[in-house]
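A, B, ... follow the sequence lines: proteins, then strands. Residue 1 opens every chain. Just the heavy atoms: all of them, side chains too, but no hydrogens, waters or symmetry mates, feed the values below. If you're wondering where the values come from, they're calculated on a predicted model, not measured in any experiment.
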Number of protein chains: 2
Amino acid sequence: MVKAADRAKNPARSSVWLENRAARGGGGPAGLDRDRIVAAAIRMLDEEGLAGLSMRKLAAELKVTAMSLYWYVDTKDDIIEFAMDSVYGEFDLAAIDAADGWRDMIRVLALEYRRMLVRHPWMSPSAGQYLNIGPHAIAVGGKIQEAIGGTGLPIDRQPSATSAVFQFVYGYGTIESQFGRRAAEAGMSQDDFYVESVKAFRDNPGFAEAIEPMAEILDVRASQGSVSAIWDRDFAYALDVLVAGIEAMVSRETGT
Amino acid sequence: MVKAADRAKNPARSSVWLENRAARGGGGPAGLDRDRIVAAAIRMLDEEGLAGLSMRKLAAELKVTAMSLYWYVDTKDDIIEFAMDSVYGEFDLAAIDAADGWRDMIRVLALEYRRMLVRHPWMSPSAGQYLNIGPHAIAVGGKIQEAIGGTGLPIDRQPSATSAVFQFVYGYGTIESQFGRRAAEAGMSQDDFYVESVKAFRDNPGFAEAIEPMAEILDVRASQGSVSAIWDRDFAYALDVLVAGIEAMVSRETGT
DNA sequence: CTGGGTCTCGTACACCGTACAAGGGTCTCT
DNA sequence: AGAGACCCTTGTACGGTGTACGAGACCCAG
């Protein structure tokens, strides 16, 4: 078993998934096992955020001491990696297979990905920090590759197109989920929080000039409905941009 | 002066920039001031990463006690927000103004943004977590808006196009910078680290199947040169996709 | 009855952010 | 000259964190 201290010395192997250690136990008096720990961690992460997860609190929820958890995982990071992969398992792969053509497939994948990030706001900071190479994450990656493979782009260009689409989704989902998290922490609806934020921004002396060119856009947005409708609308249009871009590149590569 | 405890109770005002408190001091015996603190913090963040920054260590570097820093800032988060904005100040705004047309402007902005994220790997996790509304960040935002405004897209679609481009850059820069950080922590070059990672990935039993469909792409990439060349190449092509997408949407909106 | 796994726990360490109160230094006003 | 007010720095302390280590409790095979 690799200790945390050793892990730090060998960061190339710095993911649980690169250790291929068997899950342990389940027969103990506390009825603990890795799945139960991970499920409780996800619940706690969803409710309290990344900073709200501590080994002691997690253990308390499972009616156990903090050190008991270390029988099943080596470090707290392991728990987060397991939790992440479990969340990747929420992807509806059947819906993706049911999609018709690469455009639809990309759209469904992007929507699922975005929903995942928004539902679990701790995912995007974590996804940036850890390798995402658990079985569920890899399954999703395979579908993404399949979708991009269907575009007709040459194979050496496909990773780049994948980046264009899914790094965008990651970035978008990050902003959207952090906005939601902030609103929730402030105890407001997203709409109220948006109004408050814009007001605070506008009222801030010294920023009047900087805001000037943005005022028009803020005004336009105010007439576009609820915040969540704007998130949806913007996302859909950005995907249209990306799909149109891929189409254009395909005909540029194959044509001429 | 707003205390950290109060800040937590009023998360809507959860940014230093929404408080508009004057910078303090400079005449003390330790010769401290906010700029010196922030500069030292950036140095430490670049070298030790986000987790490596602690108030005690930062203070030690400035030959002062931890609590001294609290005369100039309210919380550690403030320091990070100041550091972030200072880094946004690294954008070469002149180069952006010198760009010729919106396509070039977008490309230059995207490259500058990406370089910033890669140079300071702590930026992308931080940028996801805090509001980015310091003066330098806003200046950059204004340039982005100017570039997108030049595309000819209707104003209510511009924010969406902005997302498509710059959320992509954010996502891409996040992955790239985290990869670099991991390589550095492992004490390897990016190229060696890449080879090691792929090997570990391939050798991992139980993943043979999952890897199967990715093998071809991995092989193609192996023939494309150094890791950093691939980063550059992929990024440039993804930008081409985005620019082509915007062009297509423009003619779709104006034509027909 | 014994020995060895499997699991849980108590204690302890080093570190974190930061609240609070007690100064020292310098500058201003009487 | 003395007194007070300020700006700035410090020491101490609190409640948290992840986790190393060693002691035990249980159960099952020999």
For A:Arg34 and C:dT6, what is the distance between atoms CZ and P respectively, to the nearest whole Å? 16 Å
In whole Å, I'd like the distance from the CZ atom of B:Arg24 to the P atom of D:dC6. 13 Å
Between B:Asp74 (CG) and C:dG17 (C1'), how many Å, whole number? 13 Å
Which of residues 36-56 of chain A have a heavy atom under 4.0 Å from DNA chain C? A:Arg56
Between B:Lys199 and B:Glu196 (salt bridge meaning N to carboxylate O under 4.0 Å), is one present in this structure? yes
So if I apply the side-chain contact (heavy atoms from CB on, under 4.5 Å) rule between A:Ile96 and each of A:Ile144, A:Val140, A:Leu109, which one comes out positive? A:Leu109
Separation of D:dT17 C1' from A:Lys76 NZ (nearest whole Å): 8 Å
Contacts of A:Ser226 that satisfy side chain to side chain contact (heavy atoms under 4.5 Å, CB included) - sequence neighbours left out: A:Asp191, A:Ser228, A:Ala229
Classify the side-chain pair B:Tyr72/B:Asp33 by whether it contains a donor and acceptor separated by less than 3.5 Å. no
Rounding to 10°, can you tell me the angle the first-five-pair axis of the helix from C:dC1-D:dG30 to C:dT30-D:dA1 makes with its last-five-pair axis? 30°
Compare the minimum distances between each of D:dT10, D:dT9, C:dT8 and the side chain of B:Leu32, then state the nucleotide with the smallest one. D:dT9
Tell me: NZ of A:Lys63 to P of C:dC9, nearest whole Å? 12 Å
Atom-pair distance (CE on A:Met67; C1' on D:dT17), nearest Å: 13 Å
Going by distance alone, is a donor N or O of one side chain under 3.5 Å from an acceptor N or O of the other, for B:His120 and B:Glu90? yes
With a 6.0 Å cut-off on ring centres, are B:Tyr172 and B:Phe168 close enough? yes
Would B:Trp231 and B:Tyr194 count as a close aromatic pair, with their ring centres under 6.0 Å? no
Any B:Tyr70 side-chain nitrogen or oxygen under 4.0 Å from OP1 or OP2 of D:dT10: no
Kindly assign one of parallel, tilted or perpendicular to the pair A:Phe91 and A:Tyr113, based on the angle between their ring planes and the thresholds 30° and 60°. tilted
Output the rounded distance in Å from CG (A:Asp33) to C1' (C:dT8). 15 Å
Is the phosphate of C:dT8, meaning OP1 or OP2, less than 4.0 Å from a side-chain N or O of A:Thr65? no
So, is B:Ser68 close to the D:dT10 phosphate, meaning a side-chain N or O under 4.0 Å from OP1 or OP2? yes
Would you indicate, yes or no, if D:dT9 has its OP1 or OP2 atom less than 4.0 angstrom from a side-chain nitrogen or oxygen of B:Trp71? no
Nearest-Å distance for atom pair CG/P, residues A:Leu58 and D:dG16: 17 Å
Salt bridge check, A:Asp78 against A:Arg34: does any charged N sit closer than 4.0 Å to a carboxylate O? no
